[in-house]
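For reference, the structure discussed in these notes is given below.
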Amino acid sequence: MTTQPSSPLKFMTLERHIIEGEHLHPGATGQYSALLHGLSLAAKLVWREVSKAGLVNVLGTTDRMNISGDVVRKLDEFADQTIYRMMDHLGHLCVMASEENEDLLHIPEAYPSGKYVLLYDPLDGSSNIDANVTIGSIFSLYQRVTAEKKPGLPDVLQPGNRQIGAGYILYGPSLMFVYCTGHGVHGFTFDPSVGEFLLSHENIRIPARGSIYSMNEGNYGRWNSGMQRYARWLKEPDEPTGRPYSSRYIGSLVADVHRTLLYGGMYCYPGDSKHPDGKLRLMYENNPLAYIVEQAGGGAINGRQRILDVVPNSLHERSPLFIGSAEEVKIVQEFLEGKR
Ligand code: FBP
């Protein structure tokens with residue numbers, strides 16, 4: 001009598017999970033699966049550079065500035081090129097957009113074009129790259145909406161509630177691939193000994209409440225009164241409501257949101273007197289993370305409305321972000337609306 005592997009999680013590779021997921025999408029052609037597979041390969045290639053960053057000449061900056069006026073870091077550029085090159089020839093995308101590039105990234109004429117649209121933040125948490133702190137990549141998938149020969153902005157500037165999938169890759173103590181195609185949020189951890197992503201976090205559900213908050217309080221003085229009251233409320237001792245909450249801020253959005261997804265709580269990047277729309281990008285950061293956290297039972301708002309219902313105006317627009325446990329999102333919204 002053979003003993004079943006003791007691990008409660010059957011040996012589910014990412015590739016098998018993606019293919020089995022196709023059954024949940026009537027009429028699936030495999031194109032979508034191939035996209036997710038391409039992204040998982042890009043993750044491994046970026047991870048290879050990130051994990052040896054301190055040993056080879058990929059730390060530090062290039063002499064290039066991105067659309068947001070940030071100096072482009074070498075690893076940023078490497079990740080950007082790697083994801084683009086991994087995805088441009090698959091024949092399933094009609095256009096891409098990257099946080100690191102001002103304009104749309106069109107599919108080279110030499111390659112076939114497809115019906116999907118990919119947006120990505122090649123390397124999130126750039127301020128932490130050289131300090132060997134967890135960083136990540138974030139991606140968001142849509143279906144093409146235009147029929148014209150050449151796809152364009154309308155195909156990319158879609159509200160987040162039109163996403164057909166999203167995910168992020170964590171380059172941390174271990175390499176993780178977390179994704180969602182509308183049927184739950186699933187996390188896979190890379191096992192270098194077999195070279196495969198293995199299911200480690202099946203159907204992640206964010207706790208409805210959580211007593212961890214994550215925000216750069218250095219900006220406190222520039223926040224509006226509602227946000228300042230909320231920040232003070234979090235720290236007031238009150239047994240029944242589990243306060244004071246604990247403060248955790250890595251400064252890499254993808255890592256702070258991943259922890260929030262697992263432990264519960266709130267991550268906030270509000271607008272302020274200097275940056276009324278905050279710092280984070282709606283299309284590359286807020287929409288995909290909002291899609292994932294909502295699918296896991298949480299919430300994400302910009303202080304006025306649900307992030308996923310925001311109709312975007314431009315590729316690189318910024319938006320405040322309040323994301324986390326459903327009950328905690330309700331509380332911060334009440335403070336922002338002046339009800340508390
Ligand atoms: P990029 O690194 O992709 O530009 O993202 C912005 C970011 O680094 C987030 O990852 C992080 O949460 C935030 O900025 C940190 O901002 P600040 O240093 O103002 O707290």
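Atoms within each ligand, like the ligands themselves, are counted from 1 in listed order.
- For ligand 1, the polar-atom distance check finds an N/O of K279 within less than 3.5 Å of one of the ligand's N/O atoms.
- Side chains of T260 and R248: no donor on one and acceptor on the other come within 3.5 Å.
- Within ligand 1, the atoms closer than 4.0 Å to a non-hydrogen atom of L123 are 3 (O), numbered from 1 in the order shown.
- Looking at S252 and N128, their side chains do bring a donor and an acceptor atom within 3.5 Å of each other.
- Listed by atom number, the atoms of ligand 1 under 4.0 Å from S252 heavy atoms are 10 (O), 12 (O).
- For atom 8 (O) of ligand 1, the choice among S214, G218, G125 with the nearest heavy atom turns out to be G125.
- Residue contacts with ligand 1 for D121 involve side-chain atoms from C-beta outward but no N, CA, C or O (heavy atoms, distance under 4.0 Å).
- Note: an N/O pair closer than 3.5 Å links Y249 and ligand 1 by distance alone.
- If you number the atoms of ligand 1 from 1 as listed, the ones under 4.0 Å from a heavy atom of E99 come out as 3 (O).
- In E217, neither the side chain nor the backbone holds a heavy atom less than 4.0 Å from any atom of ligand 1.
- With ring centers used as reference points, F139 lies 6.0 Å or more from Y120.
- For the pair S126 and ligand 1, the shortest N or O to N or O distance falls below 3.5 Å.
- Atom numbering of ligand 1 starts at 1 in the shown order; those under 4.0 Å from a heavy atom of Y269 are 16 (O), 17 (P), 19 (O), 20 (O).
- Atom numbering of ligand 1 starts at 1 in the shown order; those under 4.0 Å from a heavy atom of E285 are 1 (P), 3 (O), 5 (O), 6 (C).
- With a 4.0 Å heavy-atom cut-off, ligand 1 is reached by the side chain of Y267 but not by its N, CA, C or O.
- Remark: the S137 side chain and the Y171 side chain contain an N/O donor-acceptor pair separated by less than 3.5 Å.
- Between Y116 and Y32, the ring centre distance stays below 6.0 Å.
- Taking the ring centroids of H201 and F188, they lie at or beyond the 6.0 Å cut-off.
- M266 belongs to a hydrophobic cluster whose other members, connected by ILVMFWY side-chain contacts under 4.5 Å either directly or through intermediates, are Y213, M215, Y220, W223, M227, Y230, W233, L234, Y245, I301, F322, V329, I331, V332, F335, L336.
- Close contacts of ligand 1 with N216, meaning ligand atoms under 4.0 Å from a residue heavy atom, involve 17 (P), 19 (O), 20 (O).
- Taking the ring centroids of H17 and F197, they lie at or beyond the 6.0 Å cut-off.
- Between the side chains of S140 and N287, no donor-acceptor pair is found at a separation under 3.5 Å.
- Against a heavy-atom cut-off of under 4.0 Å, L253 is close to the following atoms of ligand 1: 9 (C), 10 (O), 11 (C), 12 (O).
- Residues meeting the salt bridge (Lys or Arg N to Asp or Glu O under 4.0 Å) test with D277, sequence neighbours left out: none.
- On a distance-only criterion, D124 and ligand 1 share at least one N/O pair closer than 3.5 Å.
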